[in-house]
Amino acid sequence: GAVVSQHPSRVICKSGTSVKIECRSLDFQATTMFWYRQFPKQSLMLMATSNEGSKATYEQGVEKDKFLINHASLTLSTLTVTSAHPEDSSFYICSARGWTEYYGYTFGSGTRLTVV
Amino acid sequence: QKEVEQDPGPLSVPEGAIVSLNCTYSNSAFQYFMWYRQYSRKGPELLMYTYSSGNKEDGRFTAQVDKSSKYISLFIRDSQPSDSATYLCAMQGGSEKLVFGKGTKLTVNP
């Protein structure tokens, strides 16, 4: 089945530093990748949508200069949280859309970011 | 009115019970309906995928879509403790974005 690899699974960083999260589709090409944020006991909140080689489209209220998204190839997207602060601590999940058994969405395993 | 409504539960059932999970929606453009299972601190895992109205069965899981009522269901037969998780309905149509329900937390007690 389709697999999306997300790294790291957990990261702790100091306030003011930047953190990069990587999302790879291992066995299919992702025409579109999505980045979500999930707070405890909440559903997934879409942050941005990206297509390979294009600028990401951010949802209302998401700071594009803080959450930098790069979709360098059909199998790789990265999310960089710049100048992280404790309020950025959250669970971040990527999703890749491409042809697998159907033209659907496969999720990564998530990254728990803690900013201290 | 939210685009997708899902009772967050929690729902607690004994092992072997039939579980019924539901979502309602308001956007007529939705054509694709999905159910995801999410274990704590993990990404969502696709359980069922349905296009338009109808039923779909996969092992112990059955998904139903009634577009006329804007209502979708997931049934789990012979529920197991390993089914304990949060179940998210998701829908798509009109754009590439998935719209999620809030998720229902299910606990199956041995």
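Note that the structure is predicted; figures quoted are calculated from it, not measured. Note that these values count all heavy atoms, side chains included, but never hydrogens, waters or copies made by symmetry. All chains are named by letter (A, B, ...) in the order of the sequence lines, taking the proteins before the strands, and each is independently numbered beginning at 1.
Neither the backbone nor the side chain of Gln6(B) comes within less than 4.5 Å of any heavy atom in chain A. Heavy atoms of Tyr36(B) lying under 4.5 Å from chain A belong exclusively to its side chain. Residue Glu45(B) does not touch chain A at all, counting heavy-atom pairs closer than 4.5 Å. There is no contact between Gln6(A) and chain B, counting heavy-atom distances below 4.5 Å. Interface remark: Tyr105(A) contributes backbone and side-chain atoms alike to the contact with chain B (heavy atom separation under 4.5 Å).
Note on Lys97(B) versus Glu59(A): salt bridge recorded, some NZ/NE/NH1/NH2 to OD/OE distance being below 4.0 Å.
Across all their heavy atoms, Glu3(B) and Phe30(B) have their closest contact at OE2-CZ, 3.8 Å. Of all heavy-atom pairs spanning Pro44(B) and Leu44(A), the tightest one is CG-CD2, 4.0 Å. Between Ser109(A) and Phe91(A) the shortest heavy-atom distance is O-CZ, 3.5 Å. Scanning all heavy atoms of the two residues, the minimum distance from Ala85(B) to Arg37(B) falls at CB-CG, 3.6 Å.
Residues of residues 7-30 of chain A that come closer than 4.5 Å to chain B, counting heavy atoms only, are Arg10(A), ordered by residue number. Of all residues spanning residues 61-89 of chain A, none has a heavy atom less than 4.5 Å away from chain B's heavy atoms. Proximity to chain A among residues 55-80 of chain B is not found for any residue, judged by heavy-atom separations below 4.5 angstrom.
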Run Arg37(A) and Ile93(A) through side chain to side chain contact (heavy atoms under 4.5 Å, CB included) and show every step you take. CA-CA 6 Å; Arg37(A) 186 171 178 175; Ile93(A) 307 173; over 6 Å; no
Let's go through Tyr32(B) and Met34(B) carefully: what are the C-alpha distance in whole Å and the side-chain angles of both, what is the deciding distance for side chain to side chain contact (heavy atoms under 4.5 Å, CB included) to 0.1 Å, and is it a yes or a no? CA-CA 7 Å; Tyr32(B) 298 91; Met34(B) 288 143 274; 3.9 Å; yes
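If you take NZ on Lys105(B) and NZ on Lys41(A), they are separated by 6.0 Å, rounding to the nearest 0.5 Å.
You'll find the ring centres of Tyr92(A) and Tyr36(A) outside the 6.0 Å limit. Residues Phe33(B) and Tyr25(B) bring their aromatic ring centres within 6.0 Å.
Side-chain contact check for Gln38(A) versus Met45(A): every heavy-atom pair is 4.5 Å or farther apart. For the pair Val4(B) and Met91(B), the minimum side-chain heavy-atom distance is below 4.5 Å. Counting heavy atoms from C-beta on, the side chains of Ser90(A) and Phe39(A) come closer than 4.5 Å.
Applying the salt bridge (Lys or Arg N to Asp or Glu O under 4.0 Å) rule to Glu15(B) yields no partners; only residues at least two apart in sequence or on another chain are considered.
In this structure, Ser84(B) contributes its side chain and Val108(B) its backbone to a donor-acceptor pair below 3.5 Å.
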